[in-house]
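What follows is a short report on a single structure.
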Amino acid sequence: MASLSLRNIYKVYPNGFNAVKDFNLEIEDKEFIIFVGPSGCGKSTTLRMIAGLEEISKGELYIDGKLVNDVEPKDRDIAMVFQSYALYPHMSIYDNMAFGLKLRKMPKAEIDKRVREAARILDIEHLLDRKPKLLSGGQRQRVAMGRAIVREPKVFLMDEPLSNLDAKLRVQMRLEISKLHQRLQSTIIYVTHDQTEAMTLGTRIVVMKDGVIQQVDSPQNLYDYPDNLFVAGFIGSPQMNFIDATVVKEGGELFLEYGNHHRVILTPERAAKLADYVGREVTFGIRPEDVFASEKYEAAHEHNTVEASVRVFEMLGAEVFLYLTVDGFDVTCREHPSTKAKPGDIMSISFDVNKIHVFDKETQMTITN
């Protein structure tokens, strides 16, 4: 397998559009790296530059210490799995998987060994004689992966491979890809716009916006310690709640004041980081699971209790999402299904002050990490 080094990578198109800007990343051997971000953020363009399908405008790309900017895609020893499967409809599954090896003039016995081993790993041995049109979407995606596996490449590149599948199949295929990574011990770079996929698959996640890396970290660290407002809002479902507030100091204590003079008392650690923000506007964030119905929580946090009106009740079986309004701000609360709340109710809620994130209003960078 292989390590990769992307150093000051740019992609500028002839019309002047800068799709990827100063992209720097070191990828270790056997890592599962996820590129995630909204549509148009440059994640697929970056993947295609690694593959050699897009020319690098500026910067250097190394695979196993070798500069590959001018190396042809076929000579980079990588395999790409596309969103569209890209199978040959007139060929059997066996021939689809073997095609690339035949082009390389590999001995028939070796081709047969590799194809059957990949089919066994992916549980598609019984499909080898069929044509693609007779397969389901999930089976076709397994074939596309099998075609990549038989090449035994240094790096696997996957460009939104599950986006054409239904929700149940996506969950199944996520598990299969995760098991595949553990079994092959391969380096995988995977592009998705689905943050759930990113959180469940990656050893590290690269969050991108407008062609720029926003943060690179483990899934848990991205969730717990986002670097900025964008990452905080993008990672997590439902997304983090955001409320504009002013930092107020009274009697030696710091508060966040928002809405109709409601206040959130800050922990000493967070207050210390906001000492220079007294009198200034900030944005504070709180995740839905850290918003509580006050009957559970107000004894310890009575000063952080506020009334909210219930707009929408969303039952998901094991949990309920309550969509609330507090002084004009939208707040989502993750609750137990036993809650008696219903649309139109007025209820008291509290924020867990140990889980509050505070962001600079102008730079949108996190202040309290």
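Atom set for the values below is all heavy atoms of this structure, side chains included, hydrogens, waters and symmetry mates excluded.
Evaluation of the side chain to side chain donor-acceptor pair (under 3.5 Å) test over residues 229-251, restricted to residues two or more places apart or in two chains, returns Asp244-Thr283, Asp244-Lys361, Glu250-Arg263. Sorted by first and then second residue, the pairs that involve residues 38-63 and meet salt bridge (Lys or Arg N to Asp or Glu O under 4.0 Å), not counting sequence neighbours, are Lys11-Glu54, Arg48-Glu54. Within the structure, every pair that satisfies the ring-ring contact (aromatic ring centres under 6.0 Å, His included) test and touches residues 250-274, not counting sequence neighbours, is listed here: Tyr258-His262, Tyr258-Phe284.
The aromatic rings of Phe242 and Phe359 stand perpendicular to each other, their planes meeting at an angle above 60°, with 30° marking the opposite boundary.
Between Glu117 and Arg114 there is no salt bridge, since no side-chain nitrogen of the basic residue lies less than 4.0 Å from a carboxylate oxygen of the acidic one. Ion pairing between a basic and an acidic side chain is recognised when a charged N comes within 4.0 Å of a carboxylate O; Lys273 and Glu269 show no such pairing. Using a cut-off of 4.0 Å between Lys/Arg side-chain N and Asp/Glu carboxylate O, Arg170 and Asp166 are scored as not salt-bridged. At a threshold of 4.0 Å, the pair Arg204-Glu31 counts as salt-bridged, since one of the basic side-chain nitrogens sits closer than that to a carboxylate oxygen. Under 4.0 Å is where a charged nitrogen must lie from a carboxylate oxygen, and between Arg334 and Asp290 no such pair does.
Applying the side chain to side chain donor-acceptor pair (under 3.5 Å) test to Ser338 and every residue at least two apart in sequence or in another chain returns His336. Contacts of Glu314 classified as salt bridge (Lys or Arg N to Asp or Glu O under 4.0 Å), with partners at least two apart in sequence or in another chain: none.
The two residues Val353 and Ile265 come nearest to each other via the heavy atoms CG1-O, 3.1 Å. When all heavy atoms of Glu257 and Val248 are compared, the closest pair comes out as CB-CG2, 3.8 Å.
Side-chain contact check for Phe351 versus Ile243: some heavy-atom pair is nearer than 4.5 Å. Annotation: side chain of Tyr190 is in contact with side chain of Glu197 (closest heavy-atom distance under 4.5 Å).
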Without placing hydrogens or testing angles, list every side-chain donor-acceptor pair under 3.5 Å for residues 97-108, not counting sequence neighbours.
{"unit_1": "Lys102", "atom_1": "NZ", "unit_2": "Asp95", "atom_2": "OD1", "d": "3.3"}

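Between the side chain of Arg311 and the main chain of Gly344, no donor-acceptor pair closer than 3.5 Å is present.
Heavy atoms from other residues, nucleotides or ligands lying under 6.0 Å from CG of Asp129 number 12 at most. Heavy atoms from other residues, nucleotides or ligands lying under 6.0 Å from CD of Glu307 number 12 at most. The environment of CZ in Phe321 is crowded: more than 12 heavy-atom neighbours from other residues, nucleotides or ligands sit within 6.0 Å.
For the residue pair Asn8 / Asp22, a side-chain donor-acceptor distance below 3.5 Å is found, with atom types taken as modelled. Counting only N and O atoms by type, the side chains of Asp227 and Thr366 include no donor and acceptor under 3.5 Å apart. Neither side chain, Ser348 nor Thr305, offers a donor N or O lying under 3.5 Å from an acceptor on the other. Checking Gln214 against Asn228 by side-chain atom types alone, a donor-acceptor pair falls below 3.5 Å. In summary, the side chains of Asp360 and Tyr277 do present a donor paired with an acceptor at a separation below 3.5 Å, with no hydrogens or angles considered. Side-chain N/O atoms of Thr368 and Arg270 include no donor and acceptor closer than 3.5 Å.
Summarising the geometry, atom NE2 belonging to His357 is positioned 8.5 Å from atom NZ belonging to Lys355; distances are rounded to the nearest 0.5 Å.
Cation-pi geometry between Arg130 and Tyr94 is not met at under 6.0 angstrom from the ring centre and within 45 degrees of the axis.
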